[in-house]
Amino acid sequence: MPHRAPGSPGQGPGQYLHGKQIRYYRPQGSADVRQLIDGGFQAFNAGRLSEACHIFADKMLAPESDTTIGLTVAGALTPAGLGGCVIELMERGLIDFMISTGANLYHDLHYALNFSLHRGSPFLDDVELYEQGIIRIYDVLFPATVLLETDAYIRDFLVRSKLAGPMATSEFHYHLGRDLVERNPECVEHSVVAKAAACGVPIYTSSPGDSSIGMNIAYHELMNGSTLMIDPNRDVNEVCAIILAGHRNGCVILGGGSPKNFYLQGQPTLWEVYGIPKGGNDYFIQITTDQVVWGGLSGATPAEAVSWGKVNPGVLPDTVVAYCDSTIAFPLFCEYAVGSTHNRRTRRELVHKRDALVADLVKQAKSAKATKDTKDLAQQPAEIDRHR
(Lines give C-alpha, C1' and ligand atoms only; values in the text may rest on other atoms or scores of the structure.)
Protein backbone atom coordinates (compact mmCIF):
# COMPACT_ATOMS: atom_id res chain seq x y z
CA MET A 1 0.00 0.00 0.00
CA PRO A 2 2.38 2.76 -1.11
CA HIS A 3 -0.30 5.38 -0.51
CA ARG A 4 -0.26 4.52 3.16
CA ALA A 5 3.41 3.74 3.80
CA PRO A 6 4.88 3.73 6.36
CA GLY A 7 1.56 3.14 8.04
CA SER A 8 0.71 0.13 5.94
CA PRO A 9 -1.07 -2.81 7.51
CA GLY A 10 1.07 -5.83 8.07
CA GLN A 11 3.70 -4.14 10.22
CA GLY A 12 2.01 -5.59 13.29
CA PRO A 13 -0.85 -4.25 15.41
CA GLY A 14 1.30 -4.15 18.53
CA GLN A 15 -0.75 -3.97 21.70
CA TYR A 16 -3.59 -1.93 20.27
CA LEU A 17 -5.92 -4.70 19.10
CA HIS A 18 -5.94 -6.64 22.34
CA GLY A 19 -9.19 -5.07 23.51
CA LYS A 20 -12.40 -7.09 23.52
CA GLN A 21 -14.00 -7.63 20.15
CA ILE A 22 -17.03 -5.42 19.56
CA ARG A 23 -20.10 -7.49 18.80
CA TYR A 24 -23.66 -6.58 17.89
CA TYR A 25 -25.78 -6.41 21.02
CA ARG A 26 -29.28 -7.92 20.71
CA PRO A 27 -31.87 -6.62 23.20
CA GLN A 28 -33.95 -9.28 24.93
CA GLY A 29 -36.68 -7.24 26.62
CA SER A 30 -35.17 -7.08 30.10
CA ALA A 31 -37.79 -6.66 32.83
CA ASP A 32 -35.14 -4.95 34.98
CA VAL A 33 -34.50 -2.32 32.30
CA ARG A 34 -38.23 -1.70 31.95
CA GLN A 35 -38.52 -1.29 35.72
CA LEU A 36 -35.60 1.15 35.71
CA ILE A 37 -37.09 3.25 32.92
CA ASP A 38 -40.61 3.25 34.39
CA GLY A 39 -39.57 3.80 37.99
CA GLY A 40 -36.20 5.49 37.93
CA PHE A 41 -36.16 7.65 34.79
CA GLN A 42 -38.41 10.40 36.12
CA ALA A 43 -37.06 13.80 35.11
CA PHE A 44 -34.72 15.72 32.81
CA ASN A 45 -33.39 13.61 29.94
CA ALA A 46 -34.04 10.37 31.79
CA GLY A 47 -37.67 11.47 31.82
CA ARG A 48 -37.54 12.26 28.12
CA LEU A 49 -36.13 8.82 27.33
CA SER A 50 -38.88 7.23 29.40
CA GLU A 51 -41.40 9.31 27.47
CA ALA A 52 -39.87 8.16 24.16
CA CYS A 53 -40.13 4.52 25.25
CA HIS A 54 -43.83 4.93 26.07
CA ILE A 55 -44.67 6.80 22.86
CA PHE A 56 -43.04 4.03 20.86
CA ALA A 57 -44.25 0.99 22.81
CA ASP A 58 -47.72 2.17 23.82
CA LYS A 59 -48.75 4.29 20.83
CA MET A 60 -46.65 3.75 17.70
CA LEU A 61 -46.65 -0.04 18.06
CA ALA A 62 -50.29 -0.34 19.08
CA PRO A 63 -52.16 -2.33 16.38
CA GLU A 64 -54.93 0.24 16.17
CA SER A 65 -52.41 2.96 15.32
CA ASP A 66 -51.21 1.09 12.21
CA THR A 67 -48.10 3.28 12.14
CA THR A 68 -45.53 3.15 9.36
CA ILE A 69 -42.26 3.61 11.24
CA GLY A 70 -39.03 4.97 9.80
CA LEU A 71 -35.68 4.77 11.57
CA THR A 72 -32.96 7.29 10.71
CA VAL A 73 -29.35 6.70 11.74
CA ALA A 74 -26.48 9.19 11.79
CA GLY A 75 -23.18 8.97 13.63
CA ALA A 76 -20.82 6.02 13.89
CA LEU A 77 -23.33 3.64 15.46
CA THR A 78 -22.65 0.34 13.71
CA PRO A 79 -18.94 0.45 14.61
CA ALA A 80 -20.05 0.87 18.23
CA GLY A 81 -22.15 -2.32 18.08
CA LEU A 82 -25.64 -0.84 17.83
CA GLY A 83 -26.47 -2.74 14.66
CA GLY A 84 -27.79 -5.61 16.77
CA CYS A 85 -30.54 -3.37 18.12
CA VAL A 86 -31.56 -2.44 14.58
CA ILE A 87 -31.52 -6.12 13.55
CA GLU A 88 -33.84 -7.01 16.43
CA LEU A 89 -36.31 -4.26 15.50
CA MET A 90 -36.30 -5.37 11.85
CA GLU A 91 -36.84 -9.01 12.71
CA ARG A 92 -39.81 -8.14 14.92
CA GLY A 93 -41.36 -5.81 12.35
CA LEU A 94 -40.96 -2.83 14.68
CA ILE A 95 -39.46 -0.61 11.97
CA ASP A 96 -40.62 -0.56 8.35
CA PHE A 97 -37.84 1.30 6.56
CA MET A 98 -34.53 2.91 7.37
CA ILE A 99 -32.52 5.93 6.27
CA SER A 100 -28.84 5.81 7.18
CA THR A 101 -25.56 7.43 6.42
CA GLY A 102 -23.58 5.31 4.01
CA ALA A 103 -20.79 4.99 6.57
CA ASN A 104 -23.01 3.06 8.97
CA LEU A 105 -23.87 0.58 6.23
CA TYR A 106 -20.27 0.27 5.10
CA HIS A 107 -19.02 -0.47 8.62
CA ASP A 108 -21.91 -2.92 9.05
CA LEU A 109 -20.35 -4.95 6.24
CA HIS A 110 -17.32 -5.62 8.45
CA TYR A 111 -19.58 -7.67 10.71
CA ALA A 112 -21.20 -9.44 7.76
CA LEU A 113 -17.76 -10.40 6.45
CA ASN A 114 -16.62 -11.59 9.88
CA PHE A 115 -13.91 -8.98 10.41
CA SER A 116 -13.02 -7.84 13.91
CA LEU A 117 -13.42 -4.41 15.48
CA HIS A 118 -12.01 -3.93 18.97
CA ARG A 119 -12.59 -1.82 22.05
CA GLY A 120 -9.81 0.68 22.58
CA SER A 121 -9.15 4.14 23.94
CA PRO A 122 -9.69 7.63 22.52
CA PHE A 123 -6.39 8.75 24.06
CA LEU A 124 -3.89 6.85 21.94
CA ASP A 125 -1.00 8.12 19.83
CA ASP A 126 -2.58 8.47 16.39
CA VAL A 127 0.77 8.83 14.67
CA GLU A 128 1.77 5.46 16.08
CA LEU A 129 -1.61 4.01 15.06
CA TYR A 130 -1.00 5.27 11.55
CA GLU A 131 2.46 3.74 11.45
CA GLN A 132 1.07 0.38 12.55
CA GLY A 133 -1.84 0.48 10.10
CA ILE A 134 -4.64 0.81 12.65
CA ILE A 135 -7.83 2.81 12.10
CA ARG A 136 -9.47 4.63 15.03
CA ILE A 137 -13.11 5.72 15.33
CA TYR A 138 -12.92 7.42 18.74
CA ASP A 139 -12.35 4.33 20.90
CA VAL A 140 -13.06 1.68 18.22
CA LEU A 141 -9.95 0.17 16.67
CA PHE A 142 -9.39 -2.13 13.71
CA PRO A 143 -6.64 -2.85 11.18
CA ALA A 144 -6.62 -0.97 7.88
CA THR A 145 -6.85 -4.34 6.13
CA VAL A 146 -10.52 -4.40 7.20
CA LEU A 147 -11.17 -1.38 4.99
CA LEU A 148 -9.22 -2.83 2.08
CA GLU A 149 -10.90 -6.23 2.23
CA THR A 150 -14.36 -4.70 2.62
CA ASP A 151 -13.66 -2.51 -0.40
CA ALA A 152 -12.50 -5.56 -2.32
CA TYR A 153 -15.76 -7.36 -1.49
CA ILE A 154 -17.86 -4.40 -2.67
CA ARG A 155 -15.97 -4.15 -5.96
CA ASP A 156 -16.23 -7.91 -6.49
CA PHE A 157 -19.97 -7.75 -5.79
CA LEU A 158 -20.41 -4.93 -8.30
CA VAL A 159 -18.70 -6.99 -11.00
CA ARG A 160 -20.47 -10.26 -10.19
CA SER A 161 -23.95 -8.73 -9.81
CA LYS A 162 -23.80 -6.96 -13.19
CA LEU A 163 -26.05 -4.23 -11.79
CA ALA A 164 -26.60 -1.57 -14.43
CA GLY A 165 -28.54 1.59 -15.05
CA PRO A 166 -30.13 4.01 -12.57
CA MET A 167 -31.53 2.61 -9.33
CA ALA A 168 -32.61 3.69 -5.87
CA THR A 169 -30.34 3.06 -2.92
CA SER A 170 -33.06 0.79 -1.56
CA GLU A 171 -32.68 -1.49 -4.57
CA PHE A 172 -28.89 -1.42 -4.40
CA HIS A 173 -28.82 -2.26 -0.69
CA TYR A 174 -31.35 -5.04 -1.24
CA HIS A 175 -29.12 -6.69 -3.85
CA LEU A 176 -26.09 -6.20 -1.61
CA GLY A 177 -27.87 -7.78 1.35
CA ARG A 178 -29.06 -10.71 -0.75
CA ASP A 179 -25.49 -11.31 -1.89
CA LEU A 180 -24.24 -11.33 1.70
CA VAL A 181 -26.90 -13.87 2.68
CA GLU A 182 -26.13 -16.11 -0.29
CA ARG A 183 -22.42 -16.10 0.57
CA ASN A 184 -23.02 -16.73 4.28
CA PRO A 185 -26.61 -17.33 5.46
CA GLU A 186 -25.59 -16.92 9.11
CA CYS A 187 -24.61 -13.29 8.57
CA VAL A 188 -28.28 -12.22 8.82
CA GLU A 189 -27.76 -12.29 12.58
CA HIS A 190 -24.68 -10.07 12.34
CA SER A 191 -25.48 -7.55 9.62
CA VAL A 192 -28.10 -4.82 9.29
CA VAL A 193 -27.81 -4.85 5.48
CA ALA A 194 -28.26 -8.62 5.30
CA LYS A 195 -31.14 -8.67 7.80
CA ALA A 196 -32.91 -5.84 5.94
CA ALA A 197 -32.82 -7.85 2.70
CA ALA A 198 -34.11 -10.95 4.49
CA CYS A 199 -36.95 -9.02 6.19
CA GLY A 200 -37.89 -6.83 3.22
CA VAL A 201 -36.91 -3.57 4.94
CA PRO A 202 -35.78 -0.92 2.44
CA ILE A 203 -32.65 1.00 3.41
CA TYR A 204 -32.01 4.44 1.94
CA THR A 205 -28.87 6.56 2.02
CA SER A 206 -29.49 10.27 1.74
CA SER A 207 -25.92 11.01 0.51
CA PRO A 208 -24.87 7.88 -1.40
CA GLY A 209 -21.55 9.33 -2.58
CA ASP A 210 -20.52 10.23 0.96
CA SER A 211 -19.21 6.83 2.07
CA SER A 212 -16.82 4.06 1.10
CA ILE A 213 -19.70 2.22 -0.61
CA GLY A 214 -20.23 5.23 -2.85
CA MET A 215 -16.49 5.54 -3.41
CA ASN A 216 -16.33 1.98 -4.71
CA ILE A 217 -19.37 2.51 -6.94
CA ALA A 218 -17.53 5.51 -8.41
CA TYR A 219 -14.46 3.31 -8.97
CA HIS A 220 -16.64 0.75 -10.75
CA GLU A 221 -17.89 3.38 -13.19
CA LEU A 222 -14.50 4.93 -13.81
CA MET A 223 -12.44 1.76 -14.12
CA ASN A 224 -14.95 -0.77 -15.46
CA GLY A 225 -17.19 1.44 -17.57
CA SER A 226 -20.22 0.52 -15.46
CA THR A 227 -23.56 2.18 -16.16
CA LEU A 228 -24.76 1.64 -12.60
CA MET A 229 -25.99 4.97 -11.27
CA ILE A 230 -27.50 5.68 -7.87
CA ASP A 231 -30.54 7.85 -8.59
CA PRO A 232 -31.48 10.10 -5.64
CA ASN A 233 -34.70 11.10 -7.39
CA ARG A 234 -35.96 7.55 -6.98
CA ASP A 235 -35.07 7.64 -3.30
CA VAL A 236 -37.00 10.89 -2.78
CA ASN A 237 -40.08 9.54 -4.53
CA GLU A 238 -39.99 6.15 -2.83
CA VAL A 239 -39.77 7.67 0.65
CA CYS A 240 -42.61 10.06 -0.24
CA ALA A 241 -44.67 7.14 -1.53
CA ILE A 242 -44.11 5.16 1.67
CA ILE A 243 -45.17 8.13 3.79
CA LEU A 244 -48.19 8.79 1.58
CA ALA A 245 -49.37 5.20 1.94
CA GLY A 246 -49.05 5.21 5.72
CA HIS A 247 -52.22 5.34 7.80
CA ARG A 248 -50.14 7.02 10.49
CA ASN A 249 -46.46 7.91 10.23
CA GLY A 250 -43.82 8.01 12.90
CA CYS A 251 -40.06 8.25 13.11
CA VAL A 252 -37.25 7.29 15.45
CA ILE A 253 -34.27 9.55 14.78
CA LEU A 254 -30.80 8.66 16.06
CA GLY A 255 -28.52 11.66 15.94
CA GLY A 256 -29.77 13.94 13.19
CA GLY A 257 -27.92 15.03 10.09
CA SER A 258 -28.87 14.25 6.53
CA PRO A 259 -30.90 11.09 7.31
CA LYS A 260 -33.18 13.08 9.63
CA ASN A 261 -33.91 15.71 7.00
CA PHE A 262 -34.27 13.15 4.22
CA TYR A 263 -37.08 11.50 6.17
CA LEU A 264 -38.78 14.68 7.37
CA GLN A 265 -38.74 16.32 3.93
CA GLY A 266 -41.23 13.70 2.77
CA GLN A 267 -44.28 15.55 4.02
CA PRO A 268 -43.23 18.95 2.59
CA THR A 269 -42.49 17.25 -0.72
CA LEU A 270 -46.02 15.91 -0.78
CA TRP A 271 -47.85 19.16 0.02
CA GLU A 272 -45.39 21.75 -1.30
CA VAL A 273 -44.23 20.08 -4.52
CA TYR A 274 -46.87 17.49 -5.42
CA GLY A 275 -49.86 19.35 -3.99
CA ILE A 276 -51.02 16.35 -1.95
CA PRO A 277 -52.34 17.40 1.50
CA LYS A 278 -51.12 14.34 3.40
CA GLY A 279 -50.26 16.12 6.64
CA GLY A 280 -47.21 15.70 8.82
CA ASN A 281 -45.88 13.01 11.12
CA ASP A 282 -48.10 11.66 13.85
CA TYR A 283 -45.19 10.57 16.08
CA PHE A 284 -41.67 11.95 16.43
CA ILE A 285 -38.88 10.55 18.62
CA GLN A 286 -35.33 11.83 18.49
CA ILE A 287 -32.27 10.81 20.49
CA THR A 288 -29.52 13.36 19.94
CA THR A 289 -26.77 15.43 21.49
CA ASP A 290 -27.38 18.34 19.10
CA GLN A 291 -28.79 21.55 20.51
CA VAL A 292 -31.55 23.70 19.06
CA VAL A 293 -29.70 26.98 19.75
CA TRP A 294 -27.21 26.45 16.90
CA GLY A 295 -29.98 26.59 14.30
CA GLY A 296 -29.06 23.38 12.50
CA LEU A 297 -31.53 20.74 11.39
CA SER A 298 -29.96 18.12 13.68
CA GLY A 299 -31.07 20.07 16.74
CA ALA A 300 -34.38 21.34 15.38
CA THR A 301 -37.31 20.41 17.61
CA PRO A 302 -40.57 18.78 16.54
CA ALA A 303 -42.33 22.03 17.43
CA GLU A 304 -40.25 23.86 14.83
CA ALA A 305 -41.05 21.10 12.33
CA VAL A 306 -44.76 21.94 12.66
CA SER A 307 -44.30 25.16 10.68
CA TRP A 308 -42.87 23.14 7.79
CA GLY A 309 -45.72 20.65 7.77
CA LYS A 310 -43.36 17.91 8.90
CA VAL A 311 -45.25 17.22 12.14
CA ASN A 312 -48.99 17.50 12.63
CA PRO A 313 -49.70 20.43 14.98
CA GLY A 314 -52.18 18.47 17.07
CA VAL A 315 -49.77 15.66 17.97
CA LEU A 316 -47.00 17.53 19.79
CA PRO A 317 -47.73 15.55 22.99
CA ASP A 318 -46.66 12.48 20.98
CA THR A 319 -43.27 13.97 20.13
CA VAL A 320 -40.12 14.02 22.26
CA VAL A 321 -36.42 14.78 22.03
CA ALA A 322 -34.13 12.98 24.49
CA TYR A 323 -30.76 14.70 24.68
CA CYS A 324 -28.64 11.60 25.15
CA ASP A 325 -25.79 9.71 23.51
CA SER A 326 -27.45 7.16 21.20
CA THR A 327 -24.96 4.47 22.24
CA ILE A 328 -26.42 4.74 25.76
CA ALA A 329 -30.06 5.53 25.09
CA PHE A 330 -30.88 3.39 22.05
CA PRO A 331 -30.08 -0.02 23.61
CA LEU A 332 -32.26 0.94 26.62
CA PHE A 333 -35.01 2.12 24.26
CA CYS A 334 -34.87 -1.18 22.36
CA GLU A 335 -34.86 -3.28 25.55
CA TYR A 336 -38.03 -1.48 26.56
CA ALA A 337 -39.68 -2.02 23.17
CA VAL A 338 -38.76 -5.70 22.95
CA GLY A 339 -40.17 -6.26 26.43
CA SER A 340 -43.42 -4.42 25.70
CA THR A 341 -46.85 -5.90 24.99
CA HIS A 342 -46.74 -4.98 21.29
CA ASN A 343 -43.23 -6.32 20.72
CA ARG A 344 -43.87 -7.95 17.37
CA ARG A 345 -45.76 -6.86 14.25
CA THR A 346 -46.38 -8.34 10.83
CA ARG A 347 -43.58 -7.12 8.59
CA ARG A 348 -44.71 -4.78 5.83
CA GLU A 349 -41.83 -5.87 3.54
CA LEU A 350 -41.94 -2.51 1.78
CA VAL A 351 -38.88 -3.26 -0.33
CA HIS A 352 -41.11 -5.48 -2.48
CA LYS A 353 -43.92 -2.89 -2.72
CA ARG A 354 -41.95 0.12 -3.88
CA ASP A 355 -43.16 0.14 -7.49
CA ALA A 356 -46.82 -0.08 -6.50
CA LEU A 357 -46.41 2.66 -3.89
CA VAL A 358 -44.70 4.99 -6.37
CA ALA A 359 -47.42 4.28 -8.95
CA ASP A 360 -50.01 5.42 -6.41
CA LEU A 361 -47.95 8.55 -5.72
CA VAL A 362 -47.93 9.35 -9.44
CA LYS A 363 -51.69 8.84 -9.63
CA GLN A 364 -52.42 11.13 -6.69
CA ALA A 365 -49.91 13.75 -7.83
CA LYS A 366 -51.45 13.93 -11.31
CA SER A 367 -54.91 14.18 -9.79
CA ALA A 368 -53.77 17.00 -7.52
CA LYS A 369 -52.18 18.81 -10.46
CA ALA A 370 -55.31 18.48 -12.57
CA THR A 371 -57.44 19.85 -9.73
CA LYS A 372 -55.04 22.78 -9.24
CA ASP A 373 -54.99 23.57 -12.98
CA THR A 374 -58.78 23.60 -13.05
CA LYS A 375 -58.96 25.98 -10.08
CA ASP A 376 -56.29 28.25 -11.53
CA LEU A 377 -58.20 28.43 -14.80
CA ALA A 378 -61.44 29.26 -13.03
CA GLN A 379 -59.78 32.07 -11.08
CA GLN A 380 -58.34 33.80 -14.16
CA PRO A 381 -60.05 37.09 -15.11
CA ALA A 382 -62.26 37.03 -18.20
CA GLU A 383 -60.42 37.91 -21.39
CA ILE A 384 -61.10 41.46 -22.62
CA ASP A 385 -62.66 41.74 -26.06
CA ARG A 386 -60.21 44.21 -27.59
CA HIS A 387 -62.24 44.55 -30.81
CA ARG A 388 -65.06 46.49 -29.22
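Everything numeric here is computed off the predicted structure, so don't read it as measured data.
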Between [X] and [Y], is there a donor-acceptor pair closer than 3.5 Å when you use the side chain of the first and the backbone of the second?
{"X": "Asp96", "Y": "Ile69", "result": "yes"}
{"X": "Asp282", "Y": "Asn312", "result": "no"}
{"X": "Tyr111", "Y": "Pro79", "result": "yes"}
{"X": "Glu335", "Y": "Gly29", "result": "yes"}
{"X": "Thr205", "Y": "Ser207", "result": "no"}
{"X": "Asn343", "Y": "Ala337", "result": "no"}
{"X": "Arg345", "Y": "Gly93", "result": "yes"}
{"X": "Thr150", "Y": "Val146", "result": "yes"}
{"X": "His220", "Y": "Asn216", "result": "no"}
{"X": "Arg354", "Y": "Val351", "result": "yes"}

Centre-to-centre under 6.0 Å for [X] and [Y], is that the case here?
{"X": "Tyr263", "Y": "Phe97", "answer": "yes"}
{"X": "His110", "Y": "Phe142", "answer": "yes"}
{"X": "His352", "Y": "Tyr174", "answer": "yes"}
{"X": "Tyr336", "Y": "His54", "answer": "yes"}

Residue pair [X] / [Y], side-chain heavy-atom distance below 4.5 Å:
{"X": "Phe284", "Y": "Val321", "result": "yes"}
{"X": "Phe172", "Y": "Leu163", "result": "yes"}
{"X": "Thr78", "Y": "Tyr106", "result": "no"}
{"X": "Val320", "Y": "Ile55", "result": "yes"}
{"X": "Val73", "Y": "Thr101", "result": "no"}

Salt-bridge present (Lys195, Glu189; N to O < 4.0 Å):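 Counted as a salt bridge, because a side-chain N and a carboxylate O are separated by less than 4.0 Å.
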Salt bridge present between Arg348 and Asp66 (N-O < 4.0 angstrom):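 Here Arg348 pairs with Asp66 in a salt bridge, since their nearest N and O are under 4.0 Å apart.
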Intermediate values then yes/no, side chain to side chain donor-acceptor pair (under 3.5 Å), Tyr16 and Glu128: CA-CA 10 Å; Tyr16 292 117; Glu128 188 169 339; 3.2 Å; yes
Glu91/Arg347 under salt bridge (Lys or Arg N to Asp or Glu O under 4.0 Å): CA gap, chis, key distance, verdict: CA-CA 8 Å; Glu91 184 173 281; Arg347 298 182 197 135; 5.5 Å; no
By side-chain contact (heavy atoms from CB on, under 4.5 Å) - contacts of Val127 (at least two apart):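 Partners of Val127 under the side-chain contact (heavy atoms from CB on, under 4.5 Å) test: Asp125, Glu131.
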Residue pair Ser170, Glu238: steps toward the side chain to side chain donor-acceptor pair (under 3.5 Å) verdict: CA-CA 9 Å; Ser170 57; Glu238 284 187 14; 2.7 Å; yes
Where Leu109 and Leu180 come nearest, the two heavy atoms and their spacing: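 Taking Leu109 first and Leu180 second, the nearest heavy atoms are CD2-CD1, 3.6 Å.
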Closest non-hydrogen atom pair between Ile287 and Cys324, with its separation: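 Closest pair (atom of Ile287, atom of Cys324, distance): CG2-O, 3.6 Å.
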Chi angles and distances behind the salt bridge (Lys or Arg N to Asp or Glu O under 4.0 Å) call for Glu88, Arg92: CA-CA 6 Å; Glu88 192 69 31; Arg92 292 172 173 270; 2.8 Å; yes
cation_pi(Arg155, Tyr219) dist<6.0 Å, angle<=45: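 Judged by the rule (NZ or CZ under 6.0 Å from the ring centre, within 45° of its axis), Arg155 counts as positioned above Tyr219.
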Full working for salt bridge (Lys or Arg N to Asp or Glu O under 4.0 Å) between Asp139 and Arg119: CA-CA 6 Å; Asp139 58 353; Arg119 303 183 194 185; over 6 Å; no
Verdict with reasoning, Lys260 to Gln286, per side chain to side chain donor-acceptor pair (under 3.5 Å): CA-CA 9 Å; Lys260 175 185 178 181; Gln286 184 175 9; 3.0 Å; yes
